[in-house]
> 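Questions regarding the structure given below will be posed in turn.
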Amino acid sequence: RPPAVVLRSKVDKNNEAGGLVVGATNNKSRLSSAFAALGESDQYDAVLTGLCAKILDDTSDSATRAALQDPIKLMQEMNSRRVTASGRSLMALIDATCVSKDTKAMSEMMSLCLKNGGVQKYGKLQRFITQLPSNPNARVTCSDGTKKTRTERLESLAAIPKDNRVDEVSSALTFSAFASLCFLVNIFGLDDISPFTNISIFTLTLLGLVDNFYDVINFGAGIASKDMKDVDMKLPEKGSLPLDLGTGKVTGTVFRGLTRLVTLDTERESECEAAAFYAAYALGLPCYAFRPNSLESAVLAIESTKKNTPLDPLLSSVGIQKLLIWLLAPVAMESSKHAQLVISDPRESSGLLERLEDKVSLLQDKDKDLFWLEGDEKEDLLVWAYAEADKLLRDNKQVITDISNQLAGGAATVGDCVALIEDW
């Protein structure tokens with residue numbers, strides 16, 4: 001059998017210049033020597049990062065799931081030897097696990113990271129969430145330190161913002177189609193009907209401006225009347241106009257629909273994505289979708305009921321509330337800064353409850369405290385979860401802002417966002 005071919009250092013006797021050459025020798029290569037010179041922790045980090053880089057290069061699902069076994073076994077060995085992984089290697093590990101798109105693999109990996117000590121803030125805030133009691137007269141401690149009954153607290157909470165995007169977009173498209181038709185009439189020179197179309201489009205545009213920007217028009221008229229003292233330009237009060245013009249009731253649906261169609265706001269999108277990501281991580285949900293939806297949440301809840309799963313049980317009132325907070329976090333973020341919801345969708349939270357209601361036979365055997373399945377308590381649960389999501393975001397505003405700024409750059413990974421939360 002020929003000797004193993006390894007790299008060895010060869011020195012030229014004339015100029016004593018060293019270099020790596022291929023030779024048949026048992027001597028250690030420079031690579032082996034350099035690796036041996038590293039401490040135990042650095043050696044593990046180097047291997048773990050290399051394994052994760054290989055996974056990130058091969059993104060096929062089957063290859064990724066199989067390749068994850070090596071990092072998992074390595075993390076188990078590190079935990080048994082009490083070797084703490086560095087932030088850099090943990091970032092690579094989380095990114096590699098995300099490629100698998102497997103919540104069970106992510107849950108197992110995050111559990112290993114917690115035991116390792118490198119991750120400390122995953123799921124840390126779930127114990128601070130105030131749960132909705134089943135008894136309306138039960139007292140809970142509010143964020144301001146006061147104690148209120150469930151009914152009293154619900155009366156003081158803000159309602160979830162309404163969303164009617166289907167009607168708004170439909171109205172906007174109808175108006176746009178009519179306006180386009182009017183312009184085509186003028187372009188093709190249809191003189192018989194062009195006067196009617198011109199009057200129609202002018203009337204609708206004027207009506208929309210008055211209905212949606214009456215406060216601005218009234219403010220401008222007030223300034224103009226001060227400059228022209230001899231002219232009284234005071235406009236009628238908003239509520240006294242015919243058809244409630246100025247309140248947005250007449251053309252507000254069309255205007256909001258047009259806003260949806262033309263709004264492209266990267267910062268706004270990043271803020272909603274950062275809110276969803278932080279809520280999932282802080283509550284210990286092993287799914288880091290930047291735009292969560294009811295289907296994904298329902299699947300996660302059902303998956304948690306299976307035997308021999310690493311997922312924490314989510315088919316309980318506690319688990320369902322965590323999922324609702326995750327779904328409503330983007331809504332709470334966007335509504336805190338904007339009057340209209342464009343990026344987030346509050347219907348996803350009610351959609352989750354509707355999907356789970358279809359699995360009542362499954363739920364009844366799992367947890368008896370799902371009291372909201374009966375009666376009219378779903379709305380109370382949604383309002384409660386929305387308030388908890390809003391509180392979670394306000395209490396952690398700075399780190400969410402940092403994540404948002406990172407996402408706005410367009411090159412951030414899940415590992416980068418986790419690094420901001422963990423202060424790596």
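Bear in mind the structure is a predicted one, so any value in this text is a computation, not a measurement.
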> Any side-chain donor-acceptor pair under 3.5 Å between T203 and S200?
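No donor-acceptor contact under 3.5 Å links the two side chains.
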> Starting at OG of S304, measure out to CG of L323 and round the result to the nearest 0.5 Å.
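Spacing of OG (S304) from CG (L323) equals 8.0 Å.
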> Show me the pairs that pass ring-ring contact (aromatic ring centres under 6.0 Å, His included) and involve residues 86-118, at least two apart or across chains.
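Sorted pair list comes back empty.
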> If only side-chain N and O atoms count, and only distance matters, is there a donor-acceptor pair under 3.5 Å linking Q398 with D402?
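Looking only at side-chain atoms, Q398 and D402 do form a donor-acceptor pair, the distance falling under 3.5 Å.
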> Go through the steps for E422 and Y281 under the test side chain to side chain donor-acceptor pair (under 3.5 Å), then give the verdict.
CA-CA 11 Å; E422 296 288 348; Y281 191 87; 2.6 Å; yes
> Who pairs with R268 by salt bridge (Lys or Arg N to Asp or Glu O under 4.0 Å), at least two apart in sequence or on another chain?
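E334.
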> Which residue pairs pass the ring-ring contact (aromatic ring centres under 6.0 Å, His included) test with at least one member in residues 87-111, sequence neighbours excluded?
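Matches after skipping sequence neighbours: none remain.
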> Classify the ring geometry of F290 against F277: parallel below 30°, tilted from 30° to 60°, perpendicular beyond 60°.
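F290 and F277: parallel rings.
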> Looking only at heavy atoms, what is the nearest atom pair of A329 and A279, with distance?
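Heavy atoms of A329 and A279 come nearest at CB-CB, 3.8 Å.
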> Can you tell whether the side chains of K121 and D423 come within less than 4.0 Å, N to carboxylate O?
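Yes, charged N to carboxylate O under 4.0 Å.
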> From N79 CG over to S111 OG, what is the distance, rounded to the nearest 0.5 angstrom?
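It comes to 9.0 Å.
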> What heavy-atom pair brings V254 and S171 nearest, and what distance separates the two atoms?
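Nearest heavy atoms, V254 then S171: CG2-CB, 3.8 Å.
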> Nearest 0.5 Å, what's the SG-CD distance between C113 and Q120?
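Going from SG on C113 over to CD on Q120, the span is 12.0 Å.
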> Any side-chain heavy-atom pair from M91 and V418 closer than 4.5 angstrom?
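The answer is no; the side chains never approach within 4.5 Å.
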> Using atom types as modelled and distance alone, determine if a side-chain donor or acceptor of Q321 lies under 3.5 Å from a backbone N or O of V318.
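Not a single qualifying donor-acceptor pair exists.
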> Between D45 and S86, is there a donor-acceptor pair closer than 3.5 Å when you use the side chain of the first and the backbone of the second?
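Flag set: sc D45 to bb S86 pair under 3.5 Å.
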> With the side chain counted from C-beta on, respond yes when E273 and I403 share a heavy-atom pair under 4.5 Å apart, and no when they do not.
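A side-chain contact under 4.5 Å is absent here.
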> Treating D42 as the side-chain partner and L38 as the backbone partner, does any N or O pair qualify as donor plus acceptor under 3.5 Å?
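No.
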> As a test of understanding, state which of L324, L157, I325, I160 forms a side chain to side chain contact (heavy atoms under 4.5 Å, CB included) with Y386.
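Answer after filtering L324, L157, I325, I160: I160.
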> Using modelled atom types only, decide if a donor and an acceptor are shared between the side chain of S80 and the backbone of E77 within a distance under 3.5 Å.
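The answer is yes, because a donor-acceptor pair under 3.5 Å joins these two groups.
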> Does a side chain donor of either D416 or T413 reach within less than 3.5 Å of an acceptor in the other side chain?
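Checked: D416/T413 side chains pair up, N/O donor to acceptor below 3.5 Å.
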> About how many Å separate CZ of R150 and CD of Q131, when rounded to the nearest 0.5 Å?
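Nearest 0.5 Å value for the CD-CZ distance: 12.5 Å.
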> Using atom types as modelled and distance alone, determine if a side-chain donor or acceptor of W384 lies under 3.5 Å from a backbone N or O of E379.
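Answer holds: no.
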> Taking salt bridge (Lys or Arg N to Asp or Glu O under 4.0 Å) as the test, write out the residues that go with E155, two or more places apart.
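Salt bridge (Lys or Arg N to Asp or Glu O under 4.0 Å) check on E155 returns nothing, list empty.
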> I'd like to know whether T97 forms a side chain to side chain donor-acceptor pair (under 3.5 Å) with S100, so could you lay out the CA-CA distance, the side-chain angles of the two residues, the decisive distance to 0.1 Å, and finally the verdict.
CA-CA 5 Å; T97 310; S100 70; over 6 Å; no
> Which residues satisfy the salt bridge (Lys or Arg N to Asp or Glu O under 4.0 Å) test with R88, sequence neighbours excluded?
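Not a single residue meets the salt bridge (Lys or Arg N to Asp or Glu O under 4.0 Å) criterion with R88.
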> Salt-bridge test for D380 and R153: reply yes if a basic N is under 4.0 Å from a carboxylate O, no otherwise.
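Answer for the salt bridge query: no.
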> Does P330 reach the side chain of I343, with side-chain heavy atoms less than 4.5 Å apart?
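No, side chains not in contact.
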> Has the side chain of S294 got a donor or acceptor atom that lies under 3.5 Å from a matching backbone atom of S349?
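Checking the backbone N and O of S349 against the side chain of S294, no donor-acceptor pair under 3.5 Å is found.
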> Output, in order, the C-alpha distance, side-chain angles, deciding distance and verdict of side chain to side chain contact (heavy atoms under 4.5 Å, CB included) for Y122 and V119.
CA-CA 7 Å; Y122 176 72; V119 168; 3.6 Å; yes
> Quick one, E388 and T130 - any side-chain contact, counting heavy atoms below 4.5 Å?
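Sidechains of T130 and E388: in contact.
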> Does E40 pair with R81 as a salt bridge, N-O distance under 4.0 Å?
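The answer is yes: the pair qualifies as a salt bridge.
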> How about P133 and V140: do any of their side-chain heavy atoms sit closer than 4.5 Å?
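Yes, at least one pair of side-chain atoms sits under 4.5 Å.
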> Do the non-hydrogen side-chain atoms of P71 and I55 ever get within less than 4.5 Å of each other?
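P71 reaches I55 side chain to side chain.
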> Do the side chain of T146 and the main chain of C142 share a donor and acceptor less than 3.5 angstrom apart?
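No, because the side chain of T146 does not come within donor-acceptor range (under 3.5 Å) of the backbone of C142.
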> If you measure from the Lys or Arg side-chain nitrogens to the Asp or Glu carboxylate oxygens, is any gap between D345 and R291 under 4.0 Å?
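Between R291 and D345 there is no salt bridge, as every charged N stays at least 4.0 Å from the carboxylate O atoms.
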> Under 3.5 Å, is there a donor-acceptor pair between the side chain of E152 and the main chain of T149?
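The answer is yes, because a donor-acceptor pair under 3.5 Å joins these two groups.
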> Scan for ring-ring contact (aromatic ring centres under 6.0 Å, His included) pairs involving residues 305-333, sequence neighbours excluded, and state none if there are none.
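Qualifying pairs: none.
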> Is the backbone N or O of I400 less than 3.5 Å from a side-chain atom of S404, with the two atoms forming a donor-acceptor pair by type?
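Not confirmed, S404 side chain does not pair with I400 backbone.
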